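First the proteins, then the strands, lettered A, B, ... as listed; each starts at 1. Computed from a predicted structure; not experimentally measured.
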Amino acid sequence: MTKDKKIKPSKELPLGFVDRQEKELLIRDFVISNIKEVMIKYGFQYLETPSFEYSDSIGKFLPDKDRPDQGVFSFKDEKSWLSLRYDLTAPLARYVAKNYLELPKPFKRYQLGKVWRNEKPGPGRFREFLQFDADFVGTKNLMADAELCVMISEILEKCGLNEKDYTIKWSTRKLTDALFAELKINSSNKRLKILRSLDKLDRLGWDEVKKLLGKGRKDKSGDFTEGAELPSNQIQKIYEVFVQKKLMPKNENYEEGASKDITNMKNFFEIFDFKNCNFDPSIIRGLEYYTGPVFEVNLNFEVKNSKGQPIQFGSIGGGGRYDNLVSNFGNFECPATGISIGLDRLVFALMQKKDFKIKVTRPVVICVFDKNNFKDYINILNKIRSSGISAEIYSGENKLKKQMEYANKIGSPAVILYGEDEIKSGKATLRNLETGKEISVKTEEIISEIKKII
RNA sequence: GCAGCAGUAGCUCAGUUGGUUAGAGCACUAGUUUGUGGAACUAGGGGUCGGUGGUUCGAAUCCACCCUGCUGUACCA
């Protein structure tokens, strides 16, 4: 080892990236296996696309800038800009456009994969995370939108949540379209500002959103956010629609769009006999590409950070209909709808749920007394392993005390001692690490005795 | 990006109005027990006090800038 500290490499992780340990990974595997089961049951195809895409095929155009727009990780090879994908929807649109003629219509696929965002991490939010997406491509039928909600609910309940642990809320973007028509707000900039403000209703409450719609808002750290500068009569109108939920006054835009979406969705939920969702006009979802129904999945139990403080957790996923996204790639009509779930966030929350337990398998440890006796140890080891039980021979070079400490630390259920005394008597010693009880067993009986312990 | 708070041992933190060799608990190592973990006791190792520059006889402590983390907020195709 060198004494010069300056040449030691850093042991820190890049901002927003984390190491994940066994418990979290096992819960993630559990969630994934549930997802796969449900997806097969609902008839979705499994797809994988690469982590990198050409920047422009996933919506990043970089005319004269040195780097593609912030938010994505990008680099330039000899010819083109490449970006790590920031979601799974954009690559899906690219994939569908590329294989349009061959694909069945509608095309139903699901995908699990990491996505990356080059932005500031928050509580439970990282710059690399695992996403699950399921989409219907090539249908205008709102049954698809409703079925996505039914399906996601089935996945969550399979993962151990009960119906009170989560909420699915839905609305349609046509509602805000109708509202903008009613209020004669045509500036897309202003529309966007209003949408963003309304999207914060559940987190901030109406009083704060009201400030955002008007002159602006100061948050609790003292930072000021500019408002949309709407006059108070317009704000009042928005209040009636989105908070009081008195529905829209009659106008053609509403009748033809939002109203149809809403009755359609309600109808399908009824036919599916699906009750665990609520119509909520304040569900907006910031994304600009949504065109119809939108939905959001929220968890209802308290989530804490590593310091034990409760945090604003927000939604674990959501989705909606994006009828124009795929057609960006070509001159064909291609309506679509889909849902995304942030798996790491779901797992993070599941880990904190009191009644949620995951089984971690740890090996029985065979202690080493005599380095010349590995033949016996391996015999015992093979016998245990071939019966399907996890086991290992202590792989270090320490004395018994250290071996016991090791077994204790890894959470091993039991150790097997086979030293001079055991060789003489022909019986191994099996120590239950939880109770500390030791018994002497013939090698043939080892397995049945271990099974009593684990 | 903006704002608030924070950075002292592997971890959690203490460190008085600036004053010699910088502390505790947990963890680690060794021993009490050379064939026995989770308890106890004894001893020990481990820190450029986030970084750089400044003020000072003297800085973990004061000042400036930077870096990192947490929380909120903005943006999020």
To the nearest angstrom, how far is [X] atom [atom1] from [N] atom [atom2]?
X: K401(A); N: G35(B); atom1: NZ; atom2: P; value: 12 Å
X: F369(A); N: U36(B); atom1: CZ; atom2: C1'; value: 8 Å
X: D199(A); N: A74(B); atom1: CG; atom2: C1'; value: 13 Å
X: N398(A); N: G37(B); atom1: CG; atom2: P; value: 14 Å
X: M404(A); N: U36(B); atom1: CE; atom2: C1'; value: 4 Å
X: F126(A); N: G69(B); atom1: CZ; atom2: P; value: 12 Å
X: Y394(A); N: G37(B); atom1: OH; atom2: P; value: 14 Å
X: K193(A); N: A74(B); atom1: NZ; atom2: C1'; value: 12 Å

Quiz prompt | Nearest-nucleotide pick for L212(A), side chain only, options being A74(B), U36(B), A77(B) | solution =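 Minimum distance to the L212(A) side chain belongs to A74(B).
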Practice problem: Among the candidates A77(B), A74(B), G35(B), find the nucleotide nearest to the side-chain atoms of L400(A). | Solution: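 Looking only at side-chain atoms, L400(A) lies closest to G35(B).
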With both distances kept under 3.5 Å, what pairs with [N], Watson-Crick or G-U wobble?
N: A77(B); result: none
N: C2(B); result: G72(B)
N: C62(B); result: G54(B)
N: U36(B); result: none
N: U20(B); result: none
N: A9(B); result: none
N: A27(B); result: none

What is the nucleic acid contact for [X], judged by heavy atoms within less than 4.0 Å: base, sugar-phosphate only, or nothing?
X: Q403(A); result: nothing
X: E119(A); result: base
X: R431(A); result: base
X: E434(A); result: base
X: L325(A); result: nothing
X: E208(A); result: nothing

Are [X] and [N] close enough that a side-chain N or O sits under 4.0 Å from OP1 or OP2?
X: R196(A); N: A74(B); result: no
X: K200(A); N: G72(B); result: no
X: R203(A); N: U73(B); result: yes
X: K409(A); N: C28(B); result: yes
X: K399(A); N: U34(B); result: no

In whole Å, what separates the [atom1] atom of [N] from that of [M]?
N: C26(B); M: G45(B); atom1: C1'; value: 16 Å
N: A74(B); M: U12(B); atom1: C1'; value: 33 Å
N: G7(B); M: G50(B); atom1: C1'; value: 6 Å
N: G44(B); M: G53(B); atom1: P; value: 36 Å
N: U33(B); M: A39(B); atom1: C1'; value: 14 Å
N: C5(B); M: U48(B); atom1: C1'; value: 26 Å
N: C75(B); M: A3(B); atom1: C1'; value: 15 Å
N: G72(B); M: C28(B); atom1: P; value: 34 Å

Quiz item: Would a distance-only check, ignoring hydrogens and angles, find a side-chain to backbone donor-acceptor pair under 3.5 Å from Q403(A) to N398(A)?
Solution: yes
Quiz prompt | Whichever of D421(A) and T225(A) has its nearest RNA chain B nucleotide further upstream toward 5' | solution =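 Checking each residue's closest nucleotide, the 5'-ward one belongs to D421(A).
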Quiz item: 5'-most contact on RNA chain B: R117(A) or Y406(A), nearest heavy atom basis?
Solution: Y406(A)
Quiz item: Is there side-chain contact between L212(A) and R196(A), with heavy atoms separated by less than 4.5 Å?
Solution: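 The answer is no; the side chains never approach within 4.5 Å.
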Quiz item: Ignoring hydrogens and angles, does a donor from either the side chain of N408(A) or the base of G38(B) sit under 3.5 Å from an acceptor on the other?
Solution: no
Quiz item: Honestly, is R20(A) close enough over F126(A), meaning NZ or CZ under 6.0 Å from the six-membered ring centre and within 45° of the axis?
Solution: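 Yes.
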Give a yes or no on whether the ring-centroid distance for [X] and [Y] is below 6.0 angstrom.
X: Y100(A); Y: F332(A); answer: yes
X: W81(A); Y: Y54(A); answer: no
X: Y86(A); Y: F73(A); answer: no

Quiz item: So how far is it from L204(A) CG to R217(A) CZ, rounded to the nearest 0.5 Å?
Solution: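 Here the rounded value is 4.5 Å.
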Quiz prompt | Distance in Å, F136(A) CZ paired with L148(A) CG, rounded so as to fall on 0.5 Å steps | solution = 5.0 Å
Quiz item: A77(B) base stacked by Y86(A)? Criteria: ring centres under 5.5 Å, plane angle under 30°.
Solution: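 The base of A77(B) is stacked with Y86(A) (centres under 5.5 Å, planes under 30°).
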